[in-house]
Student: 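Dumping the structure here so I can ask a few things about it.
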Amino acid sequence: MDVSKRLIIVGFSGFGKEVYWLARRLGITVVGFLDDNPAVQGVTYRDSPVLGTVDSWVNYPDCLYVIAVGSPRIRKKIYENIAASGMPQFATLIDPAAVVNSEFVSIGEGSIICAGTILTVDIVVGAHVIINLNCTIGHDAVIRDFVTVAPLVAVSGNVKLSECCEVGTGASIRQGVTLGQGSMLGMGGVLTKNVAENTVFFGNPAKAFKTIAG
Ligand SMILES: CC(C)(COP(=O)(O)OP(=O)(O)OC[C@H]1O[C@@H](n2cnc3c(N)ncnc32)[C@H](O)[C@@H]1OP(=O)(O)O)[C@@H](O)C(=O)NCCC(=O)NCCS
């Protein structure tokens, strides 16, 4: 990506601060954060202030944007709210300590790949995906838009994570398994079978725990 461009991070949270760190590791200047929480307006992290609410992005049309919000549903909602008033240019942030070769892997705009994560071959990652620290993503995996993968997750070959899926810290997914849209595998889960849409699974072997609203 063009490191001469300046970045605005949407979401002033713990993960937002980690994305600030990632951007700085890439040599990108972070202009500031946007967040709808009134309590954080004007607060500064390092040299970067909270500039305003998310809808104020229109005041900075020349900046790159990334949505650093862990929840897939909330991230998608923020994206839709931004898109309602135009379309900024989204950055795709790949930590220098991630192993990703664009000859073998495609990654959509707005996605974030954190340090220590390895993606091998013939993998498709959609837009606005977050793959956190120290994950492994195996061959032919498909990771759709707005998916969140927490740290230390092992995604085996040919796994499909449908739109807005979430995988908790330290979970493992058997090869070829599909998580339906909006579903979640809890931290530490060992997933051996396909998961329906909008369902939370956890445990070893992972079992359905509850459904969540689409
Ligand atoms: C699965 C999950 C979504 C359930 O959350 P929840 O609906 O709020 O459920 P609760 O915390 O009320 O837990 C309900 C019960 O399930 C148990 N439980 C919750 N998550 C569990 C998990 N991942 N594995 C095993 N048991 C779990 C709880 O201990 C509790 O047991 P109890 O009824 O005997 O007291 C959540 O626990 C989880 O795993 N989130 C992912 C966290 C994560 O990875 N964060 C990443 C940060 S970067």
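Read the numbers this way: they start at 1 and go in the same order the structure lists the ligands and their atoms. Treat the numbers as computed from the prediction; the structure is a model and nothing was measured.
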Student: To check your reading of the model: name the closest protein heavy atom to atom 41 (C) of ligand 1, its residue, and the distance in Å.
Tutor: M184 CE, 3.4 Å
Student: Show me which atoms of ligand 1 lie under 4.0 Å from any heavy atom of A150.
Tutor: 46 (C)
Student: Would a 4.0 Å cut-off, counted as strictly less than, catch a protein heavy atom around atom 28 (C) of ligand 1?
Tutor: no
Student: Look at the side-chain heavy atoms of Ile, Leu, Val, Met, Phe, Trp and Tyr, link any pair under 4.5 Å apart, and say whether I143 and I107 land in one connected group.
Tutor: yes
Student: For this output row, return yes or no: ring centroids of Y79 and F146 closer than 6.0 angstrom.
Tutor: yes
Student: Is it true that a side-chain atom of S156 and a backbone atom of I173 form a donor plus acceptor pair closer than 3.5 Å?
Tutor: yes
Student: Identify, by atom number and element, the atoms of ligand 1 in contact range of G168, meaning under 4.0 Å from any of its heavy atoms.
Tutor: 44 (O)
Student: Given 3.5 Å as the limit, does a donor-acceptor pair link the side chain of S56 with the main chain of L51, or not?
Tutor: no
Student: Is the shortest distance from a heavy atom of K210 to ligand 1 less than 4.0 Å?
Tutor: yes
Student: Quick one: nearest non-hydrogen protein atom to atom 25 (C) of ligand 1, plus distance?
Tutor: F202 CD1, 3.4 Å
Student: May I ask you to check if ligand 1 and T169 share an N or O to N or O distance below 3.5 Å?
Tutor: yes
Student: Does the pair E166 and R73 meet the rule for a salt bridge (Lys or Arg N to Asp or Glu O under 4.0 Å), with working shown?
Tutor: CA-CA 10 Å; E166 189 167 0; R73 285 170 169 77; over 6 Å; no
Student: Does the protein place any heavy atom closer than 4.0 Å to atom 31 (O) of ligand 1?
Tutor: no
Student: For ligand 1, is there an atom lying under 4.0 Å from some heavy atom of G188?
Tutor: no
Student: Please indicate, with yes or no, if any protein heavy atom is found under 4.0 Å from atom 12 (O) of ligand 1?
Tutor: no
Student: Just wondering, do S172 and V153 contact through their side chains at under 4.5 Å, heavy atoms?
Tutor: no
Student: Counting only heavy atoms, tell me which of F15, F209, F201 gets closest to atom 9 (O) of ligand 1.
Tutor: F209
Student: Nearest non-hydrogen atom to atom 42 (C) of ligand 1 belongs to which of M187, K207, E18?
Tutor: M187
Student: Which residue owns the protein heavy atom closest to atom 2 (C) of ligand 1, what's the atom, and how far is it?
Tutor: V200 CG1, 4.6 Å
Student: Provide, to 0.1 Å, the distance between atom 48 (S) of ligand 1 and the closest protein heavy atom, together with that atom's residue and name.
Tutor: P151 CD, 3.7 Å
Student: From atom 23 (N) of ligand 1, is the closest protein heavy-atom distance below 4.0 Å?
Tutor: yes
Student: T29 and R24: side-chain donor and acceptor closer than 3.5 Å?
Tutor: no
Student: Counting only non-hydrogen atoms of the protein, does one fall under 4.0 Å from atom 16 (O) of ligand 1?
Tutor: yes
Student: For atom 36 (C) of ligand 1, state whether the nearest protein heavy atom is under 4.0 Å away.
Tutor: no
Student: Let me know which of L185, V142, V167, V195 forms a side chain to side chain contact (heavy atoms under 4.5 Å, CB included) with L161.
Tutor: V167
Student: Atom 39 (O) of ligand 1: protein heavy atom closer than 4.0 Å?
Tutor: yes
Student: Take Y45 and Y20 through the test ring pair (Phe, Tyr, Trp, His ring centres under 6.0 Å) and record every step on the way to the result.
Tutor: CA-CA 9 Å; Y45 180 65; Y20 171 98; 5.2 Å; yes
Student: Check for a donor-acceptor pair, side chain of S183 on one end and backbone N or O of C165 on the other, with a separation under 3.5 Å.
Tutor: no
Student: Backbone N or O of F12 within a donor-acceptor pair of the D35 side chain at under 3.5 Å?
Tutor: yes
